[in-house]
J.: 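Got a structure for you, written out below as structure tokens; questions coming shortly.
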Amino acid sequence: MFPVVVVHGGAGHIPKERSENSTSGVRSATRAGYTILQRGGSSMDAVVEAVTQLENNPSFNAGCGSVLNIKGEVEMDAIVMDGKTLGSGAVSAVRNIANPIQLARLVMDKTGHACLTAEGANQFARSMGVPEVPLESLITDYSRMRWKKNLAPDANPVECQMGKMGTVGAVAVDSEGNVACATSTGGMLNKMEGRVGDTPCIGCGGYADNQVGAVSTTGHGEAIMKVVLARLILFHMEQASPPLTGSPAAAPVHTADICLQF
């Protein structure tokens, strides 16, 4: 099978002054993932590498570009899923980790669990030798500015979300016909401490099944979770219906997603 990787940098309005960096970041991540596929690597390796690139790029709401919660701190979520085995791994509300997507893969590969959260996830990271990074290394001036603006009594939450891209992700199929997905996020701007959205939830933030395809979602997590959007998309694909780019149940919230069918 001809290998393919598709990468998204998140739903949302991108200001003109940030669009060039965002576009080049997605292109670089796509090239990194595709290089792995060209060398015979797995779809899982490809999507994890692509999303790692986005987490390392401050232009995106993941890793070092994550938005801040109400306390001005970073809490991140991530998920991976293997379409061949339906194996998955996720982390939620993790702190001081540069690449949550790599930690999510370790959860899949090294534990019998599907998701680890908060301090438990960080303890697991330490046991796996994953280095912790200073909180400040994950906070950009841009994220801090948006956080402070949204603290104002007259702040418009919807307006404050504009100009910051959402959850990032990737899907891929390798030369063996195996699909995989990976999704990572810093969550919602000025969210409550401990808030977890759709990203780390199987069937919401992502889903992969060799019999159908792979999906990575981005958008308003609370709306996505209501309809288990990633799995719903694959259900429609199983029925030979056109892939969804949103859901009536989620209206009027804009939801974007990427899917791969074969």
Side-chain angles (χ1 to χ4, degrees), residues 1-67 76-81 83 97-102 104-105 137-143 146 161-175 178-187 199 205-206 208 213-219 230 233 243 245-246 254-262:
M1 180 169 288
F2 188 78
V4 176
V5 62
V6 185
V7 177
H8 71 79
H13 170 74
I14 311 173
K16 289 183 179 180
E17 65 271 17
R18 296 177 63 84
S19 62
E20 184 176 344
N21 287 340
S22 297
T23 300
S24 64
V26 169
R27 287 174 176 167
S28 295
T30 304
R31 283 193 292 267
Y34 191 63
T35 296
I36 288 175
L37 295 176
Q38 284 183 312
R39 294 173 179 172
S42 70
S43 55
M44 179 59 67
D45 289 341
V47 295
V48 169
E49 178 58 30
V51 172
T52 295
Q53 295 282 326
L54 297 177
E55 290 177 336
N56 291 340
N57 188 324
S59 297
F60 302 99
N61 180 17
C64 69
S66 294
V67 297
M76 302 165 289
D77 308 328
I79 191 171
V80 297
M81 188 164 182
I97 298 294
N99 298 112
I101 200 66
Q102 295 182 14
R105 184 173 186 179
S137 70
L138 300 175
I139 299 178
T140 64
D141 291 339
Y142 186 72
S143 292
R146 304 303 288 182
Q161 293 291 339
M162 300 298 284
K164 187 63 185 178
M165 298 181 71
T167 299
V168 304
V171 296
V173 58
D174 57 33
S175 58
N178 297 316
V179 301
C181 71
T183 309
S184 181
T185 189
T199 294
V215 175
S216 172
T217 62
T218 180
I233 290 168
T245 55
H254 173 70
T255 299
D257 45 73
I258 58 169
C259 45
L260 183 65
Q261 184 180 31
F262 50 86

J.: So do N61 and T185 actually touch side chain to side chain, heavy atoms under 4.5 Å?
T.: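 Answer yes - side chains close enough.
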J.: How close do C181 and V215 get, heavy atom to heavy atom, and via which atoms?
T.: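 Closest heavy-atom pair between C181 and V215: CB-O, 3.5 Å.
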J.: To the closest 0.5 Å, what do you measure between CG (L37) and CZ (F2)?
T.: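 Going from CG on L37 over to CZ on F2, the span is 9.5 Å.
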J.: Roughly how far, to the nearest 0.5 Å, is CG of L138 from CD1 of I97?
T.: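 Spacing of CD1 (I97) from CG (L138) equals 9.0 Å.
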J.: Determine the minimum heavy-atom distance between A182 and S216, stating which atoms define it.
T.: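 What the structure gives for the nearest pair is O-OG, 3.6 Å.
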J.: Nearest heavy-atom pair of S143 and G65: which atoms, and what distance?
T.: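 Nearest heavy atoms, S143 then G65: OG-O, 3.4 Å.
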J.: V179 vs V171, test: side-chain contact (heavy atoms from CB on, under 4.5 Å). Steps then yes/no.
T.: CA-CA 7 Å; V179 301; V171 296; over 6 Å; no
J.: How close do C64 and P58 get, counting heavy atoms only, and between which atoms?
T.: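 So the minimum-distance heavy-atom pair works out to SG-N, 3.6 Å.
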J.: Could you give the distance from CE (M76) to CD1 (I101), rounded to the nearest 0.5 Å?
T.: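 Interatomic distance, M76 CE to I101 CD1, rounded to 0.5 Å: 11.5 Å.
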J.: Distance from E49 atom CD to L54 atom CG, nearest 0.5 Å?
T.: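 Going from CD on E49 over to CG on L54, the span is 10.0 Å.
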J.: Nearest heavy-atom pair of T199 and T183: which atoms, and what distance?
T.: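 The answer is CG2-O, 3.6 Å.
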J.: Hey, does S43 have a side-chain heavy atom less than 4.5 Å from the side chain of V173?
T.: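 Heavy-atom side-chain distance check fails, nothing below 4.5 Å.
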J.: Can you list the residues that meet the side-chain hydrogen bond (donor to acceptor under 3.5 Å, both in side chains) rule with N56, with sequence neighbours excluded?
T.: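 Partners of N56 under the side-chain hydrogen bond (donor to acceptor under 3.5 Å, both in side chains) test: N99.
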J.: Using modelled atom types only, decide if a donor and an acceptor are shared between the side chain of T218 and the backbone of G10 within a distance under 3.5 Å.
T.: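 Judged by distance alone, no pair lies under 3.5 Å.
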J.: Just wondering, do Q102 and T52 contact through their side chains at under 4.5 Å, heavy atoms?
T.: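 In contact.
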J.: Do the side chains of T217 and T167 get nearer than 4.5 Å, heavy atoms only?
T.: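 The answer is no, as the side chains (C-beta and beyond) never meet within the 4.5 Å cut-off.
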J.: Answer yes or no: is there a side-chain heavy-atom contact under 4.5 Å between D45 and R105?
T.: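 A side-chain contact under 4.5 Å exists here.
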J.: Quick check on E20: does its CD atom have over 12 non-hydrogen neighbours (other residues, nucleotides or ligands) under 6.0 Å away?
T.: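 12 or below, so no.
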J.: So, S22 and S59: side-chain donor and acceptor under 3.5 Å apart, yes or no?
T.: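 On atom types as modelled, these side chains do not qualify, holding no pair under 3.5 Å.
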J.: Which heavy-atom pair separates M44 from V80 by the least distance, and what is that distance?
T.: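 Looks like SD-CB, 3.9 Å.
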